Amino acid sequence: MPPLLFSPAGAIILAAGGAKGMAKLNYKQKANLQRIALLAPGVLLYGVFNFIPLLALLVLCLVDWPGIGPMKFVGFDNFAQLFGNPYFRDQLVKAFAQNLIFFVIIIASMLILGTIFALLLSFRTWGRNTYRSIFFLPYPLAGAAVAFLLELIVRTRGPLNVLLTKGLHVVDQPIGFLGDPNLALATLATFYSWHRMSFAIILILSAVVAVRMHLLEAAMLDGANRWQTLKAVVFPVLAPAFILITVIVMVDVFNNADYTLILMGPEGAPARATDIMGTFLFRSAFGGSATSVNVNFGMSAAIGLVTALVILPAALFLALRNMRREK
Amino acid sequence: MRLSTMLATTALCGALMTTTGIAGEITLYTWRQQELPLWQYINDNKLLGDTTVKAVQINSDDYDAKLRIALQSPGVDLFQGRAGAAWLSSFIDSGILKPTTTDLAAMAPGTLDAARGPDGQLYGVPFAVQMESILYNTKVFADNGIEVPKTLDELKAASEKLKAAGITPINFGARSGWWLNQVVGEAMTAGLVSDDVAAKLITGEACFTGPEFVSTLQAVKDWQDAGFINASAMADDYGAMRTSVAMGESAMMIDGIWSTGPTSPMYEIDPELKLGFFPVPGPNGKVYAFGDGTYLVNSTSPNAAEAQKVLDFTATKEFAELFVKEVGELPAFGGEYAVDNPLLKDVAAAIATNSAAPTPFFAYALNKGEPSYGTLVADGYQALLSGQLTPADFAKKIQDGLNSWNYVGAANCK
């Protein structure tokens with residue numbers, strides 16, 4: 001335990017209580033005070049910006065409220081509508097199924113490509129740090145900027161289609177990456193993966209670096225070939241990083257829809273092919289078009305809560321698995 | 001949990017936030033960038049005395065969301081609403097809107113439906129008459145020796161000629177759902193469906209699976225099958241469509257007359273661009289006209305009385321003439337007013353003499369339940385153009401969707 005007097009938390013306590021008061025406390029009390037002081041800012045911020053809104057969400061899902069004027073208490077009617085009314089139920093099922101596909105494409109590409117890039121970057125090759133910087137560049141960009149940037153590339157007049165039609169002559173007509181219902185969701189998933197790939201690379205790379213050399217040498221001395229070494233020594237070390245990436249990405253893609261909302265609108269065009277839970281939630285709160293009549297923050301809160309309850313077990317299972325491994 | 005947390009945070013913060021305005025300043029929320037010069041002119045010339053109007057312009061796609069959040073706290077005195085009772089209803093239910101006290105006797109009768117609530121009362125002042133039809137690049141038509149088509153066969157012949165010349169005859173920006181239901185659906189109906197049947201579609205006496213309505217969907221499908229529509233229709237959005245016509249790569253598009261206004265981005269692509277218009281040349285052959293939206297007073301605002309004075313001004317002849325001059329669109333004013341722009345004069349004439357009266361997209365009877373007519377049309381057109389639905393299936397999907405919430409024609413159109 002570092003001396004309390006020299007820690008920032010200690011300074012706060014001293015300022016609040018004074019050195020005289022502190023002297024009367026025993027070591028355990030001081031340690032507890034330090035813990036509280038260290039935890040307080042985080043708990044306060046989390047409470048104000050996450051926990052209280054989360055509690056408000058529980059209340060909000062019991063009302064019918066268009067975002068303005070008085071709220072009307074409807075009990076569990078929003079949930080009854082969501083699961084009982086075919087109009088909402090069909091949207092829920094479709095949005096969830098498409099969200100699952102969206103997630104699978106993203107997580108598969110992030111884990112596979114992220115591992116490949118991380119392994120490549122772990123070698124002592126020339127310019128390794130430059131490559132790292134290049135890979136990391138997209139990550140700090142805002143989602144909106146990435147959405148517009150990538151849309152410029154894949155649009156029918158964009159460089160990718162010009163390359164395919166006039167450069168390589170692979171196709172006669174430009175490919176509607178965002179217009180073809182069979183391609184649009186995968187294209188958006190590619191945007192997401194490109195944007196967040198460095199996040200996966202960094203986590204996997206730090207795990208790769210943590211693989212101890214003597215274990216690799218021991219495996220080789222025991223006669224293991226390259227694949228067996230990767231499988232028996234490297235991948236088990238990477239597993240916690242894989243799980244962490246999976247959980248964070250899962251929570252993110254089931255609750256956000258920035259690319260979809262910006263590029264495809266709240267209706268998840270084309271023909272709802274890119275509709276995911278985030279767009280369904282947004283549309284329920286704010287409407288999709290001038291003729292949207294059922295704008296209801298309560299329904300959106302219900303959708304948010306259902307999403308949280310559906311992904312929570314998976315996220316908890318993976319997180320607990322990670323903790324067990326660490327033990 | 002971020003979106004849902006944002007939702008709850010919005011709900012909490014809305015109650016806590018307070019905004020203070022400057023005395024004599026009225027805040028107007030609008031999605032229409034073209035109106036900014038108008039309000040600037042009114043402020044600069046002190047046409048409202050000591051009252052100034054601060055116009056807050058929000059991108060059309062984000063407008064509804066941001067307006068609802070802004071209305072949770074003081075700071076919005078006046079705002080523009082989209083046309084029709086479906087959009088207005090939640091604002092009326094919440095007490096934000098009260099029946100207007102402005103004298104609307106001078107407004108064009110056909111635009112008043114934009115301000116009419118579900119109860120039949122008027123809640124604001126309509127602000128523009130819009131017209132939707134086929135817009136064409138006059139230079140492309142002239143260069144290829146094409147006359148304005150008067151029938152669907154003439155349109156087909158013109159399209160064949162343009163296609164042979166390497167020009168896309170009709171450009172579709174079908175990724176934009178709002179354009180499909182609000183523009184394509186309505187312009188096609190005005191061109192191909194008789195006013196009588198269109199009115200009966202709204203009252204439920206005619207069904208969407210009937211031959212006249214299906215013919216509107218079939219016409220679009222035929223154009224696509226014949227290669228008259230850009231192959232990338234589903235990948236292109238509204239902006240890409242206008243770009244293509246402005247560049248002369250495409251000859252025509254189905255659009256609103258707002259694209260010909262002085263602030264239209266099409267003139268940034270080609271400042272010399274000249275656009276003409278003609279109705280979809282079907283059996284009905286009419287353009288589609290409607291009140292674009294409404295100026296509304298936030299009755300819960302502390303500045304509601306001053307905002308009401310601004311609202312009264314928007315119903316005057318003086319405002320109508322400024323509207324024509326500064327916005328470049330036709331006002332909803334029904335009396336005599338000066339118009340210098342020759343294209344606007346033609347538009348005014350077309351609206352007065354050859355516009356379809358029924359407007360299914362804005363009809364409350366078709367849009368008061370979910371899925372609304374507007375939603376079904378946007379989804380259906382995207383499915384049609386993607387090859388997922390035939391015109392007949394598309395029509396059936398609209399009918400079944402409306403029947404699912406027992407709309408006015410459900411019993412008649414099982």
Side-chain angles (χ1 to χ4, degrees), chain A residues 49-50 52-57 59-60 65-70 86-88 154-157 161 173-181 251-252 255-257 264-267 269-273 277-278 281-282 285-295 297 300-301 303-305 307-308, chain B residues 1-12 14 61 64-65 68-69 71-72 82-84 86-87 89-91 93-96 174-178 181-182 230-236 240 243 361-362 366-375 378-379 382-383 385-386 388 401 404-405:
Chain A
F49 293 107
N50 276 56
I52 295 175
L54 203 64
L55 289 181
L57 198 70
V59 178
L60 206 58
W65 186 49
I68 41 174
Y87 174 67
F88 289 105
V154 303
R155 61 170 45 181
T156 47
R157 296 162 180 276
N161 266 315
Q173 291 291 336
I175 298 172
F177 288 102
L178 289 174
D180 185 337
V251 171
D252 193 36
N255 289 288
N256 285 318
M264 318 307 282
E267 303 276 8
R272 309 253 166 154
M277 294 304 283
L281 185 150
F282 182 92
F286 299 110
S289 70
T291 56
S292 298
V293 280
N294 273 336
V295 280
F297 274 45
S300 293
I303 294 165
L305 204 63
T307 310
Chain B
M1 272 155 272
R2 273 187 234 162
L3 257 177
S4 47
T5 309
M6 181 201 81
L7 192 77
T9 310
T10 300
L12 279 177
D61 289 341
D64 289 17
R68 278 175 195 279
I69 291 169
L71 281 169
Q72 289 173 23
R82 302 188 196 271
W87 194 88
S89 60
S90 67
F91 295 89
D93 293 345
S94 64
I96 298 277
R175 208 172 89 202
S176 299
W178 71 266
N181 57 16
Q182 200 166 340
N230 46 320
S232 55
M234 286 299 294
D236 293 338
T243 301
F361 177 76
F362 293 112
L366 301 180
N367 292 289
K368 66 181 175 187
E370 296 276 17
S372 67
Y373 173 75
T375 302
D379 285 356
Q382 287 181 337
L385 291 163
S386 308
Q388 295 174 349
S404 71
W405 50 269

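Numbered from 1 within each chain, the chains take letters A, B, ... in sequence-line order. It should be emphasised that the depicted structure is a prediction, and the values quoted were computed from it without experimental measurement.
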*Out of curiosity, B:Thr243 OG1 to A:Arg155 CZ, how far, rounded to the nearest 0.5 Å?*
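These two atoms lie 7.5 Å from each other.
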
*Rounded to the nearest 0.5 Å, how far apart are CD1 of B:Ile69 and CD1 of A:Ile68?*
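So the gap between those two atoms works out to 11.5 Å.
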
What are the two closest heavy atoms between [X] and [Y], and how far apart are they?
X	Y	result
B:Arg175	A:Met264	CD-CE, 4.1 Å
B:Asp379	A:Ala271	O-CB, 4.3 Å
B:Arg68	A:Ala285	CD-O, 4.4 Å
B:Ser90	A:Val295	OG-CG2, 4.1 Å
B:Ala231	A:Gln173	CB-OE1, 3.6 Å
A:Phe286	B:Ala65	CD2-CA, 3.3 Å

*Between B:Ser386 and chain A, which part of the residue has a heavy atom less than 4.5 Å away: side chain, backbone, both or neither?*
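Looking at B:Ser386, just its side chain touches chain A.
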
*Quick one: of A:Ala273, A:Gly69, A:Pro174, A:Gly176, who has the most non-hydrogen atom pairs under 4.5 Å with chain B?*
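Of A:Ala273, A:Gly69, A:Pro174, A:Gly176, A:Gly69 has the most heavy-atom pairs under 4.5 Å with chain B.
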
*Flag the one option from A:Pro70, A:Pro86, A:Gly67 with the top tally of heavy-atom pairs under 4.5 Å to chain B.*
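Most heavy-atom pairs under 4.5 Å with chain B: A:Gly67.
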
